[in-house]
Colleague: 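Sharing a structure, written as structure tokens. Questions coming.
These values consider heavy atoms only, across backbone and side chains, with no hydrogens, waters or symmetry-generated copies.
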Amino acid sequence: MTEWVKRPRQYVPDLRQLGALCDGNYQRLRKLRKLRQLEVDGNPVCEFELHRENQYLGRVRIEVLQTARFTETLLLEQVHNSGRWLNNPRMTVRVYHDALMAEVISCYRQRQIAPVNDYPNRFMHHPDEKVQVNGFLADWLDYCLRFGHLPMEHAAWSAGEGVD
């Protein structure tokens, strides 16, 4: 008698879902970078604080690492928090200006994110790790758009200035 063995189906990436995430991330990054551009060590940097009403939530920094004709490589990191994060998010994002897309190319210490992973694997990455990391970036950028504010030390004027 032959025993049938059900093999797990191989994961096939949903390119439409990944493309939609990357399109949305490009638009979110574009809005966030309009807050304020600074220069640190010759590199353009956008830095803003996260506040909900009067509660300080943290500080996020977007730094341009590399610029080419149609692409940019950005480092997004939460440089300070109010104790709510287990570890601060830190991602390298490639921005494609010609395609209007932004894609996570590395996250934390992980050098490169494979589009498909065998499962189980040595590092216990999910089969759809790339989609999940880009989905996290979308959620994080939405959070930053909702609660992001210009730090007071970079404001154009502070309370009490110019009052006669």
Side-chain angles (χ1 to χ4, degrees), residues 13 15 17-117 123-126 128-159 161:
L15 295 179
Q17 179 187 14
L18 182 60
L21 282 170
C22 293
D23 287 345
N25 287 341
Y26 181 87
Q27 298 302 324
R28 291 177 192 95
L29 275 170
R30 191 176 58 79
K31 288 178 188 175
L32 275 175
R33 291 176 71 188
K34 286 182 180 178
L35 285 179
R36 177 75 173 203
Q37 286 286 351
L38 308 169
E39 288 249 348
V40 176
D41 299 329
N43 291 336
V45 171
C46 174
E47 198 167 284
F48 51 91
E49 291 182 347
L50 302 172
H51 290 274
R52 183 178 349 158
E53 296 172 5
N54 292 331
Q55 181 184 8
Y56 174 76
L57 302 171
R59 184 180 283 237
V60 175
R61 170 183 240 166
I62 303 172
E63 182 177 351
V64 177
L65 299 177
Q66 186 180 34
T67 304
R69 186 171 179 192
F70 297 111
T71 62
E72 280 183 311
T73 305
L74 307 176
L75 174 65
L76 281 73
E77 61 182 333
Q78 184 150 340
V79 293
H80 187 260
N81 67 52
S82 65
R84 302 225 185 267
W85 294 87
L86 182 60
N87 50 12
N88 291 331
R90 180 183 170 101
M91 298 179 168
T92 308
V93 177
R94 176 83 29 87
V95 179
Y96 303 96
H97 294 292
D98 54 343
L100 305 178
M101 299 178 92
E103 168 187 38
V104 177
I105 57 173
S106 72
C107 186
Y108 299 105
R109 290 177 194 87
Q110 187 178 351
R111 290 260 183 218
Q112 201 170 21
I113 302 170
V116 177
N117 291 303
F123 299 107
M124 294 308 292
H125 295 300
H126 292 275
D128 63 341
E129 189 84 12
K130 190 168 202 82
V131 172
Q132 288 192 26
V133 170
N134 279 285
F136 174 75
L137 176 63
D139 292 342
W140 187 31
L141 292 175
D142 280 337
Y143 184 82
C144 290
L145 283 168
R146 184 170 179 199
F147 298 113
H149 300 281
L150 186 64
M152 283 306 295
E153 65 265 18
H154 299 298
W157 56 273
S158 59
E161 278 187 14

Colleague: Is the number of heavy atoms from other residues, nucleotides or ligands within 6.0 Å of CZ (Arg28) greater than 12?
Modeller: yes

Colleague: Enter the distance from Asn25:CG to Asp142:CG here, rounded to the nearest 0.5 Å.
Modeller: 8.5 Å

Colleague: About how many Å separate CG of Asn81 and CZ of Arg59, when rounded to the nearest 0.5 Å?
Modeller: 12.5 Å

Colleague: Out of curiosity, Leu141 CG to Met91 CE, how far, rounded to the nearest 0.5 Å?
Modeller: 8.5 Å

Colleague: Hey, what do you get for CD (Glu103) to CG (Asp23), rounding to the nearest 0.5 Å?
Modeller: 11.5 Å

Colleague: Is any side-chain heavy atom of Val79 closer than 4.5 Å to a side-chain heavy atom of Asn88?
Modeller: no

Colleague: Rounded at 0.5 Å granularity, tell me how far CD in Glu72 sits from CG in Leu65.
Modeller: 10.0 Å

Colleague: Hey, is the main chain of Leu18 close enough, under 3.5 Å, to the side chain of Asn134 for a donor-acceptor pair?
Modeller: no

Colleague: Got Phe147 and Gln55 here, is their nearest side-chain heavy-atom distance under 4.5 Å?
Modeller: no

Colleague: Taking all atoms of both residues into account, what is the closest heavy-atom pair of Phe48 and Cys46, and its distance?
Modeller: CD2-SG, 4.0 Å

Colleague: When the ring planes of Tyr26 and His97 are compared, do they come out parallel, tilted or perpendicular, using 30° and 60° as the limits?
Modeller: perpendicular

Colleague: Atom CG of Leu74 and atom CZ of Arg61: how far apart are they, to the nearest 0.5 Å?
Modeller: 13.0 Å

Colleague: Tell me which one of Ile62, Val60, Leu29, Asp139 satisfies side chain to side chain contact (heavy atoms under 4.5 Å, CB included) with Cys144.
Modeller: Val60

Colleague: In the structure I gave you, are the side-chain heavy atoms of Val104 and Phe136 within less than 4.5 Å of one another anywhere?
Modeller: no

Colleague: State, yes or no, whether a side-chain contact exists between Val93 and Leu137 at a heavy-atom distance under 4.5 Å.
Modeller: yes

Colleague: Can you find a pair of side-chain heavy atoms, one from Val64 and one from Arg33, that are under 4.5 Å apart?
Modeller: yes

